[in-house]
Protein chains: 2
Amino acid sequence: MGQAEYGESHDRLTRFMKANGLKLTRQREVILRAFLDSGDHVSVDDLLALVRQSSPGVGHATVYRTIKLLVDSGIAQEHKFTDGATLYEPVGDDDHDHHDHLICTRCGKIVEFENDDIERLQEEVAAKLGYQLVDHRMQLYGACQIVDCEGLADKESGAVRLPRVR
Amino acid sequence: MGQAEYGESHDRLTRFMKANGLKLTRQREVILRAFLDSGDHVSVDDLLALVRQSSPGVGHATVYRTIKLLVDSGIAQEHKFTDGATLYEPVGDDDHDHHDHLICTRCGKIVEFENDDIERLQEEVAAKLGYQLVDHRMQLYGACQIVDCEGLADKESGAVRLPRVR
DNA sequence: TTAGATGCAAATGTTTTGCATTGCG
DNA sequence: CGCAATGCAAAACATTTGCATCTAA
């Protein structure tokens with residue numbers, strides 16, 4: 001989210017590659033571009049389809065391997081929802097980073113939100129139990145009251161821009 | 001979790017079966033007993049192994065099918081963590097129901113906790129976005145400061161009794 | 001008796017891996 | 001040139017399903 005630009009992410013990827021003795025291949029560049037163009041919440045399969053529009057020869061194993069690289073280099077974020085394949089979204093360049101998801105149980109639409117109070121309480125809980133918080137997953141599942149929700153196809157689930165909920 | 005007793009769960013299962021025109025088979029009783037005996041956070045594979053100690057002939061498909069029944073009848077709760085198989089735990093008879101998990105990133109130990117403030121905030125967030133909250137998943141991943149943690153085998157992850165964190 | 005349950009094997013869907021070949025640096 | 005990356009096919013997992021057989025009610 002947050003309109004990650006290609007150049008910036010490309011630089012980041014290049015740096016990551018260099019730092020780890022990896023190579024910047026044609027496929028990796030194509031995958032990166034497709035990933036950033038896609039917007040958000042794509043599965044490896046989605047991404048493969050996008051990539052193949054311009055580069056039909058790319059194998060799915062390459063996409064699996066590359067998306068992991070994007071995660072490790074801080075370009076992509078991984079989300080495992082209750083079912084289906086793992087989804088990935090670009091990490092924002094801006095400050096909207098710690099967000100969670102609310103998934104509509106009727107149409108599968110994914111809404112992103114952030115709530116600093118919850119975030120803070122999570123830290124507190126972990127600390128009180130004697131843990132150093134490393135990561136968290138929070139997903140809310142709910143039915144939306146909006147009319148157009150029900151009609152949405154399962155695949156037609158565009159995410160909504162970050163509301164800041166207080 | 002709240003020491004679910006066999007008799008009680010058995011009754012519940014019987015009622016559920018009757019209500020849905022299903023049958024209470026030998027296998028289902030064995031699986032139920034093994035599940036309750038196990039304590040908590042078992043995978044279908046764990047459960048199958050337990051079941052086969054007393055009933056070697058049971059097939060894994062049966063366990064998959066039965067554990068779903070236990071979930072539907074309110075005896076078991078399902079948890080999908082970041083990796084590995086889905087884990088199940090008995091639902092407590094007592095009032096400790098809405099709890100979440102903190103998973104140690106070093107040893108995999110699962111600590112349960114409940115925090116009403118977070119719970120309330122989740123409801124609030126959903127409501128403000130126009131959703132009726134149906135379910136939620138919250139998992140904290142952290143490294144514990146306790147000495148004996150590091151040594152624990154990956155499989156040796158016993159869950160700790162519900163601390164109420166405020 | 002009969003609808004539902006079982007056990008097996010096979011199918012599914014997602015992700016990983018082995019390996020011969022290709023290509024970046 | 002040499003090591004890493006690719007593409008393919010196959011393997012690895014977790015879970016589901018088809019089907020002939022069994023069994024609870």
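Protein chains get the first letters and strands the later ones, always in sequence-line order, with residue 1 at the start of each. Atom set for the values below is all heavy atoms of this structure, side chains included, hydrogens, waters and symmetry mates excluded.
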Quiz item: Closest nucleotide of DNA chain D for B:L22 versus for B:V44: which of these residues is on the 5' side?
Solution: B:V44

Nearest-angstrom distance from the residue atom [atom1] of [X] to [atom2] of [N]:
{"X": "B:L69", "N": "D:dT15", "atom1": "CG", "atom2": "P", "answer": "17 Å"}
{"X": "A:M17", "N": "C:dG23", "atom1": "CE", "atom2": "C1'", "answer": "14 Å"}
{"X": "B:D83", "N": "D:dA14", "atom1": "CG", "atom2": "P", "answer": "11 Å"}
{"X": "B:N20", "N": "C:dG4", "atom1": "CG", "atom2": "P", "answer": "11 Å"}
{"X": "A:K23", "N": "C:dC24", "atom1": "NZ", "atom2": "C1'", "answer": "5 Å"}
{"X": "A:I67", "N": "C:dT16", "atom1": "CD1", "atom2": "P", "answer": "12 Å"}
{"X": "B:L13", "N": "D:dA24", "atom1": "CG", "atom2": "C1'", "answer": "14 Å"}
{"X": "A:K18", "N": "C:dG25", "atom1": "NZ", "atom2": "P", "answer": "8 Å"}

Quiz prompt | Pair A:E8 + A:R12, salt bridge at N-O below 4.0 Å | solution =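 No, this pair does not count.
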
Quiz item: What do you reckon, are the aromatic ring centroids of A:H136 and A:H98 less than 6.0 Å apart?
Solution: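 That pair fails the under 6.0 Å test.
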
Quiz prompt | Donor-acceptor under 3.5 Å (B:E123 side chain, B:I118 main chain) | solution =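 Not at all, since once roles are kept as given, no pair shorter than 3.5 Å links the two residues.
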
Practice problem: Check whether any side-chain N or O of B:Y131 sits under 3.5 Å from a backbone N or O of A:I103 as a donor-acceptor pair, and report yes or no. | Solution: no

Show me the donor-acceptor pairs within less than 3.5 Å that the side chains of residues 16-31 of chain B make with the rest of the protein, sequence neighbours left out.
{"from": "B:T25", "atom 1": "OG1", "to": "B:R28", "atom 2": "N", "distance (Å)": "3.2"}
{"from": "B:R28", "atom 1": "NH1", "to": "B:K23", "atom 2": "O", "distance (Å)": "2.7"}
{"from": "B:E29", "atom 1": "OE2", "to": "B:H10", "atom 2": "NE2", "distance (Å)": "2.5"}

Self-check item: Under 4.0 Å protein heavy-atom contact, by nucleotide of nucleotides 6-14 of chain C - B base, S sugar-phosphate only
Solution: BBB-----S

Using residues 51-70 of chain A as the side-chain source, report each donor-acceptor pair under 3.5 Å to any protein atom, sequence neighbours left out, with the distance given to one decimal.
{"from": "A:R52", "atom 1": "NE", "to": "A:V58", "atom 2": "O", "distance (Å)": "2.9"}
{"from": "A:R52", "atom 1": "NH2", "to": "A:V58", "atom 2": "O", "distance (Å)": "2.8"}
{"from": "A:S54", "atom 1": "OG", "to": "A:V51", "atom 2": "O", "distance (Å)": "3.3"}
{"from": "A:T66", "atom 1": "OG1", "to": "A:T62", "atom 2": "O", "distance (Å)": "2.7"}

Quiz item: With a 4.0 Å cut-off on heavy atoms, is A:K68 in touch with a base, just the backbone sugar-phosphate, or nothing at all?
Solution: sugar-phosphate

